[in-house]
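Working notes, beginning with the structure itself.
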Number of protein chains: 2
Amino acid sequence: MGGETYKSMAGQKDNEVPAIRTLADLARVAGVSTGTVSRALAGKSLVNVETRERIQTLAREHGFRPNQMASKLRSRRTGVIGVVIPLGHELRQHISDPFFLTLVGYLADELTEGGYDLMLSRALPDGTSDWLDRIAGSGMVDGVIVIGQSDQYDLIEAASHSYRPLVVWGQHRAGQNHCVVGTDNAAGGRIAVEHLVASGATSLAFLGDTTGIEIADRLRGATEAATAAGVPIRHIPIPLATDAMGPEIEAAMASQCSGINGVVAASDLVAMAALRCLHQKGMRVPEDVQIVGFDDLPLAAQTSPPLTTIRQEIAAGARAMVERLRALVEKEPATSLVMAPTLVVRQSTRAEG
Amino acid sequence: MGGETYKSMAGQKDNEVPAIRTLADLARVAGVSTGTVSRALAGKSLVNVETRERIQTLAREHGFRPNQMASKLRSRRTGVIGVVIPLGHELRQHISDPFFLTLVGYLADELTEGGYDLMLSRALPDGTSDWLDRIAGSGMVDGVIVIGQSDQYDLIEAASHSYRPLVVWGQHRAGQNHCVVGTDNAAGGRIAVEHLVASGATSLAFLGDTTGIEIADRLRGATEAATAAGVPIRHIPIPLATDAMGPEIEAAMASQCSGINGVVAASDLVAMAALRCLHQKGMRVPEDVQIVGFDDLPLAAQTSPPLTTIRQEIAAGARAMVERLRALVEKEPATSLVMAPTLVVRQSTRAEG
DNA sequence: ATGAAAGCGCTAACAT
DNA sequence: ATGTTAGCGCTTTCAT
């Protein structure tokens, strides 16, 4: 690591005042009962305005915070939502997918807004099949959001029968039980291919490993559209992990991509790697090869050239997930949502026509 | 949003078996006392091996999970670490910085590994100055990690005097109290400039807003090195938010960058935007203009051309932060860590010489 | 090795 | 409007 180390005062004692730690302490100081303090701090209406303000002031002065564990235990409501990323088919056991991370960011916003806290876990499914139960049944959370089905679709589906407040980002399958929010991936694949064909591509490749069912659906849609248009398409299953991608893509490009003039990438990151690869081989984008990404992450607008891509509505998706979860927490029903992807044309493809 | 909606069964009732919900329930079924069940489930040694296994099996069969709220309340240890991102000077009130998000990913790994759960909050400092106290004093967490000091350095420093288990990612200042882990940003700026000068740059620009003290230090280091080398350097304070960056950078480039042949970017994302901009203006990188990024995010290797950048050790930093926090939780002292940045040479700069 | 009992700090009836 | 009381479900002495 080669760094330097500095002594810090952290860990040493300051002088502490005999602190107010519990409702009872505060109650004694205020000359009222714990019940009143509890109500006053919760801002309930049945407390005299004057005593309430006196107590709140007192609490502030003493820097008193009611213990949430106790509160949550008693009220049987945690105010916490668990957010889990299953790392089923990822090679590296690390949360690195920028799409997921971005979604987490938006979820954090939406949940905070709604008065919830967010407990983040990664799960390494290991066949014991209890990663979901463990978090769902811990009593620590009011509900669970799963980001990406990975290869755990069946397990999630099974869990959803006994655990209700559960919302998943991912792929919708006909007749499924669990509430899912996601993009119509097949449509996305289709749109990408149609755009490429309309702008002159005659030989296509789909770049990306299809272990995740979302990606598989993108490939399915792309293949259907290619077939319909009578254009050949080749599937090149390079892994999706950001940092493993470079060499793999180069090898694949060198050996399998001769003659290809249109690329559908499984994600913006794959597209970016392809862009770099082609650039280094002296191929011009979009003149020699056109590329369409998937996701429309903020960085898609910053590549050279800026990426034409299939947009997923991340912010809207996060909002929809939180709305649905809230409904399920309140024991109301919730419907799945499959959002339509949209084509964002930038400069990695040519004009249609 | 323009999506479709599917009915889902979620929210309807399955037939439930009269479930085992508490230790007492399990104790009754097992014909022992709650104390024994508690000990058996915790795997304590003082329980008869046979009864322990019987109870554990029983628990598994009934899908029983002890309520964590109750457990944590009683044992006065939450097993949860709060991770906060203060959004002090960010324009958009959204956690979007990919560096921070990546760091969160690594922290999730390290904390999970260490048996901790991670509670993620964003904080919108609003002058009431209690965003840190609120999470620290909530009784919900054993310790707090703050990601980025933003413009809240003083508040964090103040809080660290009364709240001990606190570790911050950011900039170290001489004599500070709070335990910080971070990169020597001035050195990073210096290294970037030295590399640019050594590879032939004669007129420099530093791209990035310096409200965050880390960025300010990068600029300071860069300026020092430029002065020492007798090379002019201009500061162009474009905002760092990913999506606001495009137009701003174009405007700045057009008006202020004539003659510049070396760019130090405040982050890889800024560098990427600059890359795109130059590309569109027909300038070649590195032939006409050389660029050095900062962070070495995984995507830095995927730009065209791949980015020469100043690497921050994110994974090692996450590990160091968790180690230090653990020490502080155990009431042991902890030292700050300032890691040395390293130059990663790729193809956005020319060979030195 | 196990049981009994006393809380952890708070909230929510139920009184008054 | 406020006080009193009974737990929330678990852990942990203290007995046995």
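Here the structure is a predicted model, which is why all the values come from computation and not from measurement. So that the names make sense, note that chain A is the first sequence line, chain B the second, and so on, each numbered from 1.
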Could you check how far [atom1] of [X] sits from [atom2] of [N], rounded to whole Å?
| X | N | atom1 | atom2 | answer |
| --- | --- | --- | --- | --- |
| A:I55 | D:dT2 | CD1 | C1' | 10 Å |
| A:N67 | D:dC8 | CG | P | 18 Å |
| B:R21 | D:dC10 | CZ | P | 10 Å |
| A:R65 | C:dC10 | CZ | P | 13 Å |
| B:N48 | C:dT2 | CG | P | 5 Å |
| B:L46 | C:dT2 | CG | C1' | 10 Å |
| B:M140 | C:dC8 | CE | C1' | 16 Å |

Exercise. Around B:E61, counting heavy atoms of other residues, nucleotides and ligands shown, do more than 12 lie under 6.0 Å from its CD?
Worked result: yes
Exercise. If the sugar-phosphate is the primed atoms plus P, OP1 and OP2 and the base is the rest, what is the B/S/- string for nucleotides 11-16 of chain D, using protein heavy atoms under 4.0 Å?
Worked result: BBB---
Problem set entry | Residue list, salt bridge (charged side-chain N to carboxylate O under 4.0 Å, His left out) with B:R134, at least two apart or on another chain |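 Residues passing salt bridge (charged side-chain N to carboxylate O under 4.0 Å, His left out) with B:R134: B:D130.
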Exercise. Salt bridge (charged side-chain N to carboxylate O under 4.0 Å, His left out) with B:E113: which residues, sequence neighbours excluded?
Worked result: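 Partners of B:E113 under the salt bridge (charged side-chain N to carboxylate O under 4.0 Å, His left out) test: A:R122.
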Exercise. Would the B:H178 and B:Y153 ring centres measure less than 6.0 Å apart?
Worked result: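 Judged by ring-centre distance (under 6.0 Å), B:H178 and B:Y153 do meet the cut-off.
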Exercise. Given side chains that start at C-beta, do those of B:V167 and B:L328 come closer than 4.5 Å, heavy atoms only?
Worked result: yes
Problem set entry | Min side-chain heavy-atom separation B:M119-A:L118 under 4.5 Å | no
